[in-house]
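Let me begin by presenting the structure, written as structure tokens, before commenting on it.
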Amino acid sequence: MSGFDQENLFGELHAQVARSAPKTPDQLVEGLTAPQRASVEHRGGPLLIVAGAGSGKTRVLTRRIAHLLATGDAAPHEILAITFTNKAANEMVERLVDLVGERARRMWVMTFHKAFFRMLQSEADRLGYRSRLTLYDDTDSRRLIQEILRERDIDPKKVTPKGVSGKISLAKATLQSPAEFAEGNGSYQGPFHQIAAEVYAEYERRLFAASAVDFDDLLLKPVELFRRHEDVRLAYADRFRHVLVDEFQDTNRAQNELVFQLTRDHRQVCVVGDSDQSIYRFRAADIRNILDFESTFPDAEVVVLEQNFRSTQRILDAANAVISNNAGRVVKNLFTEVGQGNPITVYGAMDERDEAAWVAAEVVRLSREQSLGFDDIAIFYRTNAQSRVLEEEFNRAGIPHRLVGATRFYDRREIRDLLAYVRLLVNPDDEMSARRIVNVPKRGIGATSVTRLGAFAAANGITFAAALGRAGEAGLTAKAAKASGELFTLLTALRQELLMKRPSELLSEVFHRSGIEAELQAEQSVDAASRLENLGELINSVAQLETDGGIESIEEFLESAALTSAQDDLNDDAPKVSLMTLHVAKGLEYQAVFVTGLEEGIFPHFSTRDDEEQLEEERRLAYVGITRARQHLALTHAERRFRFGGEQGSGFSNSLPSRFLREIPEDLTVRLGTSGMPRPSRWGDDPIFERPVDDGSRTFGRPIARRTPAPTSGAEQLGLAAGDVVIHARWGEGTVLSTSGSGEMAAAKVRFGEVGEKNLLLSVAPLRRA
DNA sequence: GGTCGACCGCTTTTT
DNA sequence: GCGGTCGACC
């Protein structure tokens, strides 16, 4: 498996030894560079480790923790080590197990969200919550906001739930209460802000009533808790005498505050980060947290790790060249002793299919010629939408692969439905979940009934779930009332089982008795079959976790369901090529990396066009992508790219290669495909590179095994030109405004009387001359 | 009053 | 290709 940094030459061997005999402090600093060693051995005050990409920061962190234990300066339960992703946390735990043995698994080495959810859960009563907390994920909270907007008759076209939820999320991340948010900070307050402020306040009331918290609350509420209850703060500060934070450049204000509250007394805080890898500004990450760390803790010791142990010199040179275009950064000087390495390949594709096919062919070539495993290879892209074509092409080529982090397993509808039942059983106040399952499976309780039930519950001060039992009084029709009563009985019965059954058994009970299973079985479609399969998989995997000791209670299961991202795949064995967004790629490394879609508009993304700061963040993202590669790096772009589903009503764009490509010195690269062709203006005087000959083993520059051409509508052969009048099977007569492309890619912009202007791909459009 | 199918509009990145 | 909305039909 390709993993994180250096470590693993003797990793396995050491692991064997470590399990029997823990390492001595001296052994723990063996083989470290001077600054790495200093980071591990530092004691007695704040420590800032500025760790360039690939400089071994995970290694330093884990060694430091092991060293603290080995010297007796800390006990396992006194350490809090925080990461951003589950993946990073798991990796850190595994490495710690190698160093200090199995006790590492019981240590608090986890994500921010998980750690503070735990604290919050155990102290919930101090903030006035009545029952166990339910965690709402983005979808849940979005839905709640939507509901509030609907109740207030706010036009969802003008004020989108997404927009409001973004505002609220930002407010929470910057520690603004609804009142503070409403007042704003003196800047212009538009009507949108007003509405958002009102919704925020109502949203908070609803969450509280449901004993629910959202993602942002996992950070905001503990801050509140610590501020309001000094005794609680002191208790945790006292317990966690050593706090270590990874990826500190991506902390937001709430996270920064939490770290400060926990450590300001004992000051034993160690943060690791690299401002060049800050890529979560959109999520309110504040790069100032790391830049200002030294003024927050004036006595902080600063160590800079500049030696890179991962990539070849060429790859580092490319990364350095790109990132040096960002203004006002602290200049670091990454170097390596690995050697020059291979040139970086830049491939210009005709379109996204060609791009994907080239990548697939290269993957095959690399695995053959360089004897790389599929799991040594990763493909990155800027947006999830780009993954589909890659997947299709990989399927065609028979390359084993997996999408990392695309749709979370727990985000699938059927899974959410089943989980909603369980959440409702655990927390009867959870109105969102109650509303969700009230008509799943279909039992004849529609929107009108739901509204009535909701109104009845509110009027009588009971929960929505309780209202189900009094549906007659709520004014439901006889049929709906009967269904409602049955559901109520079912829920009551299931609640009896809550304490007696193991999580997997409970899930299975719900699956059978709710009727979800029967409904899906009755459907007889491929879709239903796959949903059934997913549910079965869920139940199995939970049972598995129970045997492994990973899950004890149903609450624990719900927590992990909400906090687990799709990155932590359920079952995984065979080596596979990993496909993921650049954001997901942070913290990982691979022998060979492909960064795709390097086009203006895609990467950097359109939305960052007018904002220099956002553009710099895109550049950091490029930096992150490039520095993931150890040996092989390929960068691709496409001349044109279909967007959306790629049919009528959408269109394709012709794209310039990304500025990031232009920022990489020519002499580090080999340029192929359209990149190798002479190009006027923008590219300057690119040398012309030959297209390699097709000798069977190399398939540069041309896709292999092109898909069999789909039968076309033939319209691309009509030779249409601007001004021609055509007839479309659906939209009738129209006038051609312009044409573009040729062959398979030929397209025309046509104005129709009724539907207006459409961009049509001629090979598929049902079009003929008038 | 409920269900289902047609259509529209949108798509940045995530714990 | 998706979710969400709306209108037609049961």
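Hydrogens, waters and symmetry mates are skipped; everything else that's a heavy atom, side chains included, is used. By convention in this document, chain letters (A, B, ...) are assigned in the order of the sequence lines, proteins followed by strands, and residues within each chain are numbered from 1.
Residue A/Thr383 is classed as a sugar-phosphate contact, given heavy-atom separations below 4.0 Å to backbone atoms only. Using a 4.0 Å heavy-atom distance criterion, A/Phe282 is classed as a base contact. Nucleic acid contact for A/Tyr280: sugar-phosphate only, since backbone atoms but no base atoms lie under 4.0 Å from a heavy atom of the residue. A/Asn439 comes within 4.0 angstrom of sugar-phosphate atoms only, judged by non-hydrogen atoms across all strands, and of no base. Within 4.0 Å (heavy atoms only), A/Thr608 reaches no atom of the nucleic acid at all. Across all strands shown, A/Arg281 has no heavy atoms under 4.0 Å from either base or sugar-phosphate atoms.
Under the side-chain contact (heavy atoms from CB on, under 4.5 Å) criterion, A/Asp274 pairs with A/Asp276, A/Gln277, A/Lys332, A/Tyr623, sequence neighbours left out. Legend: residues meeting side-chain contact (heavy atoms from CB on, under 4.5 Å) with A/Arg281, ordered by chain and number and at least two apart, are A/Asp611, A/Glu613, A/Gln614, A/Glu617. By the side chain to side chain donor-acceptor pair (under 3.5 Å) test, A/Gln255 pairs with no residue at all, sequence neighbours left out.
Stacking is found between A/His605 and the pyrimidine-like six-membered ring of the B/dT12 base under the 5.5 Å centre-distance and 30° plane-angle cut-offs.
Computed from coordinates, the A/Leu219 CG to B/dT15 P distance equals 13 Å when rounded to whole Å. Here B/dG1 presents its P atom at 19 Å from NZ of A/Lys442, a figure rounded to the nearest Å. A straight line from CD1 of A/Ile168 to P of B/dT15 spans 21 Å, rounded to a whole angstrom.
Listed by first and then second residue, the side-chain hydrogen bond (donor to acceptor under 3.5 Å, both in side chains) pairs that reach into residues 474-487 of chain A are A/Lys482-A/Glu486, sequence neighbours excluded.
Between A/Thr448 and A/Lys114, the residue whose closest nucleotide on DNA chain B is further toward the 5' end is A/Thr448.
Near DNA chain C, meaning a heavy atom under 4.0 Å away, the residues from residues 141-151 of chain A are A/Arg143, A/Gln146, A/Arg150.
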List, one per line, each side-chain donor-acceptor pair under 3.5 Å for residues 578-585 of chain A, sequence neighbours excluded.
from     : atom 1 : to       : atom 2 : distance (Å)
A/Thr581 : OG1    : A/Val584 : N      : 3.2
A/His583 : NE2    : A/Ile279 : O      : 3.2

